[in-house]
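First up is the structure itself, then whatever we jot down about it.
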Amino acid sequence: MSATSYAPVATGHPKELSSPLESPSSTHLTPDSDSEDDDTAVDFDAEAGIELKELEQGEGSAEVGAEVSDDEADALVKKRKRRESAQSFELYTPDEERAVRRKLDTHLVLFVALLYLLSFLDRSNIGNAKVAGLSKDLELSDSQYSWLLTAFYISYILFEWMTVMYQLVPPHIYISVCVCAWGILASLQSLATSFGYLVVLRALLGIGEAAFVGIPFYLTFFFKREELAFRTGIFVSAAPLATSFASTLAWGIVALGDRTGVASWRLLFLVEGFPAVLVAVWCWVWVPDSPATARWLTPRERKVATLRLRRETVDASTDGDEKTFRTTRSMTLPRHKKKFQLKEVAKTLADPKSYLTAAMFFCCNVAFSSMPVFLPTIINSMGFSKLASQGLSAPPFLFAFFAVLFTALLSDRWKSRSIPMVFHALLAMTGYVVLAILGVFQVTSPALRYAAIFPICAGFFSAVTVVITWTVNNQRSDEGKGTGMAVLNVIGQMGPLVGTRLYPDSDGPFYVKGMSVCAGAMGCVAILALALRWVLMRENRRERGRRKGGEAGWELML
């Protein structure tokens with residue numbers, strides 16, 4: 001196929017789009033009935049005024065083999081961006097795009113963040129349950145408690161491949177089933193009478209939650225890559241918010257349990273687990289499979305939501321010397337109706353970038369998995385009462401919640417992932433080093449030790465947000481993004497196998513070993529982030545060389 005470049009151009013004066021997509025009679029908006037008439041997409045092309053028009057040499061691409069300087073190549077890129085901005089304005093206005101993006105944030109991103117809050121609440125409340133009497137009532141040893149945490153992560157790792165299911169199964173069905181499953185399993189923990197019963201439930205809970213963690217990949221169906229860090233930040237920030245909420249809620253439930261005659265830890269599992277079952281019903285009718293099937297968008301907003309992602313689709317279909325635009329027919333189809341490209345899966349599995357981000361995620365998870373479940377115990381060991389330790393667990397995670405959002409916002413604005421990653425990895429490492437040193441010298445100051453927890457939580461939660469976004473940013477195809485997320489989680493989620501065993505009671509009250517290991521892990525995150533930045537800079541230089549030769553280029557995000 002020739003190396004001819006194409007770009008969409010507007011034909012004639014823009015007019016209100018009035019394709020059959022706007023017609024209530026021809027558009028199926030319910031998530032469980034998201035199919036569209038194939039002819040609709042063709043009409044959409046005609047009505048939107050889009051045609052594929054060959055660019056003249058020198059306008060959008062250099063003649064193959066011609067010598068072009070770096071300045072000329074950059075000028076061509078800027079010219080193309082200006083042209084694309086003008087064409088976008090003819091299809092929809094900036095105000096329309098902002099309104100659609102705001103609606104996606106309030107109706108979709110906040111909703112999936114609520115789901116993740118429930119998910120993280122159900123996986124991490126076992127730390128609060130331990131302090132509330134779980135270990136005493138079931139006569140659990142340190143080793144058995146560690147196995148309760150490990151069983152969850154073993155099944156969690158084994159089923160991380162299910163991230164690709166977002167492209168194979170309608171998301172509204174898939175997400176609803178996941179939420180319902182973990183809600184039921186989390187609630188059943190309240191009936192546990194033995195270690196064996198509880199360890200099986202924890203393993204099954206891991207399967208249910210593993211199926212859900214592909215949400216950052218799902219968000220790429222609706223947002224541009226330079227918008228993803230903040231949206232992923234909102235999603236991931238639900239984890240520290242959940243932990244903060246869990247600590248406050250646990251404080252109230254423990255106080256209530258003493259008056260009801262029901263064991264506080266049983267009441268805790270039931271009150272925090274069952275709401276997910278009710279929310280699963282809401283998921284079925286609320287979660288869209290694609291921008292074109294979002295019931296809470298107007299017909300015009302659905303068109304804008306689809307059109308504004310057309311450059312994302314183009315970039316994903318660029319391959320070597322061949323650049324083609326996917327038709328609007330393909331753009332409007334939900335992902336699960338498109339052909340799955342196995343070659344893109346193989347390409348991602350052979351890409352070293354996938355394993356660098358996975359290694360970072362592994363190191364982040366050593367801290368991410370351990371601090372939320374052990375913090376009540378760590379604070380209790382500082383000399384605070386059991387009730388006070390539940391309440392004091394909340395502020396560090398609330399601080400982390402705001403830190404994650406601020407970091408993600410700056411990361412998108414600067415279009416940089418490596419700089420925030422290195423900063424927060426070193427921030428968390430510093431907090432762990434302080435706690436380890438205080439432990440070595442037996443410094444018992446509760447205030448100083450408690451203060452060191454704040455940078456730790458802000459650091460590793462923010463680092464997790466950035467590495468997840470970085471993974472999907474630098475994969476071109478949907479299959480690559482899904483596979484990249486699967487690799488990230490399969491390798492990265494082995495970190496909890498280490499993290500959940502770092503704070504045995506025998507190491508109290510300072511837990512020097514656990515603090516030292518986490519400090520080393522976060523230091524490794526900073527080193528790996530710098531290594532990945534170097535790899536991406538080298539690939540970008542190669543891409544600029546291709547642009548000089550008139551080929552398609554795709555800038556990776558550093």
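In what follows, residues are counted from 1 in the order of the sequence shown.
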Is Glu301 close to Trp296 at the side-chain level, that is, under 4.5 Å between some pair of heavy atoms? no

With a 4.5 Å cut-off on side-chain heavy atoms, are Met371 and Tyr432 touching? yes

Whether Trp161 side chain and Ala486 backbone form a donor-acceptor pair below 3.5 Å: no

Rounded to the nearest 0.5 Å, the CZ atom of Phe460 sits from the CG atom of Asn365 at a distance of 10.0 Å

Specify the closest pair of heavy atoms between Pro291 and Phe222, including all atoms of both residues, with the distance to one decimal. N-CE2, 3.5 Å

Just jot down the salt bridge (charged side-chain N to carboxylate O under 4.0 Å, His left out) partners of Glu227, sequence neighbours excluded, or say none. Arg101, Arg308

Verify the neighbour count for atom CZ of Phe274: are there more than 12 heavy atoms of other residues, nucleotides or ligands below 6.0 Å? no

Is Thr483 reaching over with its side chain to a backbone N or O of Val345, donor-acceptor style, under 3.5 angstrom? no

Step-by-step side chain to side chain contact (heavy atoms under 4.5 Å, CB included) determination, Val366 to Leu502: CA-CA 9 Å; Val366 172; Leu502 290 179; 3.7 Å; yes

All side chain to side chain donor-acceptor pair (under 3.5 Å) counterparts of Lys415, not counting sequence neighbours: none

Heavy-atom pair of closest approach, residues Cys364 and Met522: CA-SD, 4.2 Å

Return the orientation label for the Trp284 and His172 ring planes: parallel under 30°, perpendicular over 60°, tilted otherwise. perpendicular

Does Trp182 reach the main-chain N or O of Ala210 with its side chain, forming a donor-acceptor pair under 3.5 Å? no

Which atom of Lys130 lies closest to which atom of Tyr145, heavy atoms considered: CD-CZ, 3.5 Å

Taking side-chain contact (heavy atoms from CB on, under 4.5 Å) as the test, write out the residues that go with Ser416, two or more places apart. Trp414, Ser418, Ile419, Pro420

Give, for atom OG of Ser237 and atom CZ of Phe120, the distance between the pair rounded to the nearest 0.5 Å. 11.5 Å

Can you list, pair by pair, the side-chain donor-acceptor contacts under 3.5 Å of residues 398-409, counting residues two or more places apart and other chains?
residue, atom, partner, partner atom, Å
Thr407, OG1, Ala403, O, 2.8
Thr407, OG1, His424, NE2, 2.7

Phe152: partners by ring pair (Phe, Tyr, Trp, His ring centres under 6.0 Å), with sequence neighbours left out: Tyr156

What residues form a ring pair (Phe, Tyr, Trp, His ring centres under 6.0 Å) with Phe235, not counting sequence neighbours? Tyr116

Working note: Ile215 + Leu115, criterion side chain to side chain contact (heavy atoms under 4.5 Å, CB included); need CA distance, chi angles, decisive distance, verdict. CA-CA 10 Å; Ile215 287 292; Leu115 298 182; 5.8 Å; no

What is the ring orientation for Tyr166 with Tyr218, classed by angle as parallel under 30°, tilted 30 to 60°, or perpendicular over 60°? tilted

In sequence, state the C-alpha distance, the side-chain angles, and the governing distance for Trp470 and Leu536, and then conclude on side chain to side chain contact (heavy atoms under 4.5 Å, CB included). CA-CA 11 Å; Trp470 212 359; Leu536 296 174; 3.5 Å; yes

Does Ile184 have any side-chain contact (heavy atoms from CB on, under 4.5 Å) partners at least two apart in sequence or in another chain, and if so, which? Cys180, Leu188, Val277

Distance check, rounded to the nearest 0.5 Å: Leu356 atom CG versus Thr471 atom OG1? 10.5 Å

To the nearest 0.5 Å, tell me how far Leu198 CG sits from Phe269 CZ. 6.0 Å

Measure the shortest side-chain to side-chain distance between Pro396 and Phe461 over non-hydrogen atoms and say whether it is less than 4.5 angstrom. no

Side-chain ion pair, Arg417 and Asp412, N-O less than 4.0 Å: yes

With a 3.5 Å distance limit and no angle check, can you tell me whether Thr106 reaches the backbone of Lys103 through a side-chain donor-acceptor pair? yes

By the salt bridge (charged side-chain N to carboxylate O under 4.0 Å, His left out) test, which pairs, at least two apart or in different chains, include something from residues 104-119? Asp105-Arg231

Any side-chain to backbone donor/acceptor pair from Ser354 onto Thr348? Under 3.5 Å, distance only. yes

Side chain to side chain, Tyr355 and Val487, heavy atoms closer than 4.5 Å: yes

So side chain to side chain donor-acceptor pair (under 3.5 Å) across residues 201-213, not counting sequence neighbours, yields Ser119-Glu209, Arg123-Glu209, Gln189-Arg202

Roughly how far, to the nearest 0.5 Å, is CZ of Phe368 from CZ of Phe362? 15.0 Å

Would you mind reporting whether Leu268 and Leu134 have side-chain heavy atoms less than 4.5 Å apart? no

Can you name the residues that form a side-chain contact (heavy atoms from CB on, under 4.5 Å) with Gln144, not counting sequence neighbours? Leu140, Ser141, Phe195

Where at least one partner belongs to residues 518-540, residue pairs that pass salt bridge (charged side-chain N to carboxylate O under 4.0 Å, His left out), sequence neighbours excluded: Lys353-Glu539

Taking Thr163 for its side chain and Glu160 for its backbone only, find out whether a donor-acceptor pair lies under 3.5 Å. yes

Closest heavy-atom contact between Ala276 and Val179? O-CG1, 3.2 Å

Can you find a pair of side-chain heavy atoms, one from Leu309 and one from Lys224, that are under 4.5 Å apart? yes

Any heavy-atom pair between the side chains of Val472 and Arg225 that's under 4.5 Å? no

Report the C-alpha distance between Tyr197 and Leu191 in whole Å, list the side-chain angles of each, state the deciding distance to 0.1 Å, and finish with yes or no for side chain to side chain contact (heavy atoms under 4.5 Å, CB included). CA-CA 9 Å; Tyr197 179 97; Leu191 303 178; 3.8 Å; yes

At their closest point, which heavy atom of Ala305 faces which heavy atom of Val100, and how far apart are they? CB-CG1, 3.7 Å

pair Leu149-Phe374: side-chain heavy atoms closer than 4.5 Å: yes

Hits for side-chain contact (heavy atoms from CB on, under 4.5 Å) against Ile154, two or more places apart or cross-chain, chain-then-number order -> Trp147, Thr150, Leu158, Leu497

Which atom pair, heavy atoms only, marks the closest approach of Cys283 to Ser176? CB-OG, 3.2 Å

Separation between OG1 of Thr220 and CG of Asn473, rounded to the nearest 0.5 Å: 10.0 Å

Determine whether a donor-acceptor pair (N or O, by modelled atom type, separation under 3.5 Å) exists between the side chain of Asn489 and the backbone of Met485. yes

